[in-house]
Amino acid sequence: MSRYILSRLGQALLVLWIAFTVSYLLLQALPGDAILIKFQNPELGLGPEQIAALREAYGVDSPLWQQYLHTLGNFLTGQFGYSVVGSVPVAHELLANLPATARLASLGLILATALALAIAFLATLAPFAWLRGALQSIPALFVSIPVFWLGIMLIQIFSFRLKWISVINPGEIEGLILPVITLAVPISAPLAQILLRNIDEASTQGYVAVARAKGASPTWVLWKHVARNALLPTLTIAGILFGELLAGAVITETVFGLNGIGGLTERSVRFQDTSVIQAVVVFSAAAFVLVNLAVDLLYPVFDPRLRKAKGVLA
Amino acid sequence: MTTPLLSVENLSVAYREGDHTARVTHEVSFAIAPGEVVALVGESGSGKTTTAQAVIGLLPENGRIETGAIRLNGEDISRWSGKRLDVIRGRQISLIPQDPTSSLNPVRTVGAQVGEILRIHGERDRSLIEARVIELLGRVGLSDPELRARQYPHELSGGMKQRVLIATAIALKPQLIIADEPTSALDVTVQRRILDLIDELRRENGTAVLLVTHDLGVAADRADRIVVLQGGRIQETGETASLLASPRSPYARRLLADAPSLSARTFRAAPAPGEDAIIVDNLVHEYQSSGREPFRAVDSVSFTVRAGTTHAIVGESGSGKTTTVRDIVGFGRPTAGAIRIAGTDISALKGEALRKFRQTIQLVYQNPFSSLDPRQTVFGIVEEPLINFGERDAAVRAQKVNALLERVGLPEALRKRRPRALSGGQRQRVAIARALILDPKVLVLDEAVSALDVTVQAQILKLLDELQKERGLTYLFVSHDLAVVRQISDTVSVLHNGQQVEAGSVEDVFLRPQSDYTRELIDAIPGKRSHALA
């Protein structure tokens, strides 16, 4: 088991390194850089020599491989460099924006899971065939809604038409309602689809017929037998959907003008603030890898078949 | 007769498919007295399982009872709501399912699943449930019931799982147990012990049993009365002894004639001397697993098969028969020992030479449903080996394929179809044609008739027999079913835990078995009672 964890950690590090390198190369391939964008403004009145001096100070004039090794070394020692736009260390920017995004993402995930469970279970237990059919088609609808469009529509309806939620200086909780819904809806759809499929599959298993023969009601069978078996494969999808969650957060924060990693990413891309983008990419990759590692390690807890004879988790 | 416990009257069940409904049982009527065992016997599609499902109110969602009544103690339950049926399911009628492996929830402990039936029917006291579960697990013959209760299904063998399911079924001392093919997924010796256990518990509690089975031998041994179903209609009903001794309906007569365990015991004549087509000498196969002792799946197995004869390899799951066969057809590499097929030492073959050698020995697999490519037509499936072995002329290929398909009895209309549109027996004919198209010398039949109904099985066995005579084929027949082996083999090897415990002519092995294990296997063949009666 410990060997398994070690090899998984090794894979995780490899993924991080690849993410770092690819994003580094892509960012370097872009024409121009943040220093040019920031200081070339004629209003600042800087001459070409002064800009060249600044470039040297930031170390952007040395050969690519030197810069790469330098940056990689810095990342390994926890130094993410300086944000050119904000003139503060990148680490500060990240830390300042992390709590807001973490809150948005976790609330979004919770709501998405709740929505998916509600859709799947209602679609299984609903009393009429037409109602079950209607509920089963919800995920297909949800999955095809673009995040930015949903955000704008929600603002249109709930803020401008119904005036339930104010757009200007909303309260802390009030301000989160629409972004969380915007983020959750498209993520709940694939979860609900997988769950529905797995519930269907688990329902045809022999143990379900046996449970019915014991006199169990449909609700009992769903909770005690089908749900847990159907949730197992869904866990993997949930890990992969974490990536969608991060991507969704960028759009949601931009649409609602919120501060957070998403807003930071959008700003950094606009100003080509490479070191911030680089740090955001590595940070997101790390979060994604960690979440999926956690999912893999959690499996044996939920599925006794995966427990090695008296392994660490047994 | 007093009021029957269960009386099924003119029961017709239909399945809705799309816009139309198809009736699958037609006015089925029978009764079960308290404590009686009634067997519903029939082949797939006979409606026996549908009838049993209707009795316990668990028809699939698209199934509907169209006419008739199901009376339990005189009261018609056929129109009851699910809620009302929940009260009697488990308490008055319980179920022993077909496949023990899929019938236990993999993520819950055995104890929780046995205890569940007590909880559903209102028992709240946890310690009482726990004590009763352990008592039940002990009662069905599981060693160390406290440990079993804490284990998960995957930690138990098939036979143990079936015992757990039996413990659940008897927990509330129901009046009727429906046993739906309770042993068809189990090895023969385990099958016998499980049927003995059901018998014993039934007598103890005075429970009636509705035994659903395709195996007339099992019905003959265990039932008081037999109901023979075909195509959803009752063909014959009668006391077991009289039905077996003098079946009145033609279908029952055919079933009886085709059942290998009940047909007359004639052995094949001793083979004439000749060349040896297969020589297996001291075959050893070990599986390596990191950090553990290598596992010896096959341990010094030796036999020779005369050309044009049939050699059977008999054994239960885990006996090493599959490993032996894989080595013989060149899919596996033996750890030690030699295998010669038609004069070629195959352990020396590699790459292209091994590929060419596959012309000599071909395989027919157990499951005709998964061994045929669902996207190819029947013709394409049989033609493919010819293309692989370089027959470029399409007209020659077509002529060979059509001639062979004709020979195995597949009408021309089926040749452009895909396997999905074929019955199990037809699929196995396709598999046989595919194996024979290259004119091999040796055919390995790996449980090739085990998944088929008895009448279809009898037809396939007859076809194999004819093909052997026509083409001088040598068969290696792998089976767990001794009754079939007795019918079609010349010689036999019995494997047990990787060891060869018995080898010789079928007649010697069956009439004068040397090892205890072989004796146990032979005793476990169902249908003994009918021979005693006859």
Side-chain angles (χ1 to χ4, degrees), chain A residues 1-4 7 123-130 132-133 136 198-235 298-311 313-314, chain B residues 49 52-53 55-61 82-110 112-122 150-155 161 164-165 168-169 171-172 174 177-178 180 185 290-291:
Chain A
M1 197 67 200
S2 57
R3 231 169 90 184
Y4 171 72
S7 82
T124 312
L125 287 178
F128 312 106
W130 62 266
R132 286 197 294 269
Q136 276 165 10
N198 289 328
I199 286 177
D200 269 0
E201 199 176 302
S203 303
T204 63
Q205 295 294 313
Y207 53 80
V208 168
V210 169
R212 298 281 286 133
K214 289 175 188 171
S217 65
T219 322
W220 176 295
V221 169
L222 183 63
W223 281 117
K224 300 270 174 180
H225 293 281
V226 174
R228 211 167 136 193
N229 282 291
L231 280 172
L232 280 172
T234 315
L235 203 59
L298 267 178
Y299 254 105
V301 177
F302 295 113
D303 192 342
R305 284 165 296 184
L306 296 176
R307 282 172 220 163
K308 296 271 160 62
K310 304 287 165 256
L313 292 161
Chain B
T49 296
Q53 283 171 337
V55 168
I56 198 167
L58 288 177
L59 282 172
E61 213 169 305
K83 231 182 193 131
R84 258 181 111 185
L85 283 169
D86 281 345
V87 180
I88 60 161
R89 281 199 282 247
R91 185 182 287 283
Q92 284 176 287
I93 307 180
S94 69
L95 174 76
I96 300 173
Q98 174 161 21
D99 175 11
T101 300
S102 72
S103 296
L104 287 170
N105 188 337
V107 299
R108 301 184 71 202
T109 61
V110 163
Q113 298 189 58
V114 178
E116 185 180 26
I117 191 169
L118 306 171
R119 287 179 53 201
I120 289 170
H121 291 281
R150 287 195 307 274
Q151 282 180 313
Y152 286 93
H154 71 276
E155 298 172 88
K161 283 182 214 167
V164 170
L165 288 158
T168 313
L172 294 169
I177 292 178
I178 294 174
D180 184 3
S290 61

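Atoms considered below: every heavy atom in the structure, side chains included; atoms not considered: hydrogens, waters and symmetry mates. In what follows, chains carry the letters A, B, and so on, assigned in the order in which the sequence lines appear, proteins first and then strands, with residues in each chain numbered from 1.
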Asks: Please step through salt bridge (Lys or Arg N to Asp or Glu O under 4.0 Å) for the pair B:Asp86 and B:Arg89, ending with a clear verdict.
Replies: CA-CA 5 Å; B:Asp86 281 345; B:Arg89 281 199 282 247; 2.8 Å; yes
Asks: Non-hydrogen atoms of chain A under 4.5 Å away: do they reach the side chain of B:Gln113, the backbone, both or neither?
Replies: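 For B:Gln113, the contact with chain A is made by backbone and side chain together.
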Asks: Please flag which part of B:Asp99 lies under 4.5 Å from any non-hydrogen atom of chain A: side chain, backbone, both or neither.
Replies: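 Contact with chain A involves no heavy atom of B:Asp99 at all.
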Asks: Name the member of A:Ala213, A:Ala211, A:Ala202, A:Ala209 that forms the most heavy-atom pairs with chain B at distances under 4.5 Å.
Replies: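 Ranked by heavy-atom pairs under 4.5 Å with chain B, first place is A:Ala213.
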Asks: Side-chain contact test, heavy atoms from C-beta onward, threshold under 4.5 Å: evaluate it for B:Arg150 versus B:Thr109 and give yes or no.
Replies: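 Heavy-atom side-chain distance check fails, nothing below 4.5 Å.
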Asks: Side chain from CB out, backbone as N, CA, C, O: work out which of these in B:Glu61 comes under 4.5 Å of a heavy atom of chain A, or both, or neither.
Replies: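 When you check distances to chain A, only side chain atoms of B:Glu61 fall under 4.5 Å.
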Asks: Is any side-chain heavy atom of B:Lys161 closer than 4.5 Å to one of B:Ser103?
Replies: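 No. Closest side-chain heavy atoms not under 4.5 Å.
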Asks: Less than 4.5 Å to any heavy atom of chain A: does that hold for the side chain of B:Pro106, its backbone, both, or neither?
Replies: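 For B:Pro106, heavy atoms of backbone and side chain both lie under 4.5 Å from chain A.
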Asks: Against chain A, label B:Ile93 side chain, backbone, both or neither, depending on which of its atoms sit under 4.5 Å from a heavy atom there.
Replies: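 Interface part for B:Ile93: backbone (N, CA, C, O).
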Asks: Taking A:Asp303's backbone N and O only, do any of them form a donor-acceptor pair with B:Tyr152's side chain (distance below 3.5 Å, no angle check)?
Replies: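 No; zero donor-acceptor contacts below 3.5 Å.
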Asks: Find the one option among B:Leu95, B:Ile117, B:Val107 whose heavy-atom pairs under 4.5 Å with chain A are most numerous.
Replies: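 The answer is B:Val107.
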Asks: In Å, rounded to the nearest 0.5 Å, how long is the span from NZ of A:Lys224 to CD1 of B:Ile120?
Replies: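 The CD1 atom of B:Ile120 is 9.0 Å from NZ of A:Lys224, to the nearest 0.5 Å.
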Asks: Yes or no on side chain to side chain contact (heavy atoms under 4.5 Å, CB included) for B:Val114 and B:Val164, after CA distance, side-chain angles and deciding distance?
Replies: CA-CA 7 Å; B:Val114 178; B:Val164 170; 3.7 Å; yes
Asks: Select one option (side chain, backbone, both, neither) describing which atoms of B:Ile56 are under 4.5 Å from chain A's heavy atoms.
Replies: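 B:Ile56 touches chain A through side-chain heavy atoms alone.
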Asks: Name the member of A:Lys214, A:Arg212, A:His225 that forms the most heavy-atom pairs with chain B at distances under 4.5 Å.
Replies: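 It is A:Lys214.
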Asks: Any idea which heavy atoms bring B:Pro100 and B:Leu165 closest together, and the distance?
Replies: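 Heavy-atom minimum between the residues: CA-CD1, 3.7 Å.
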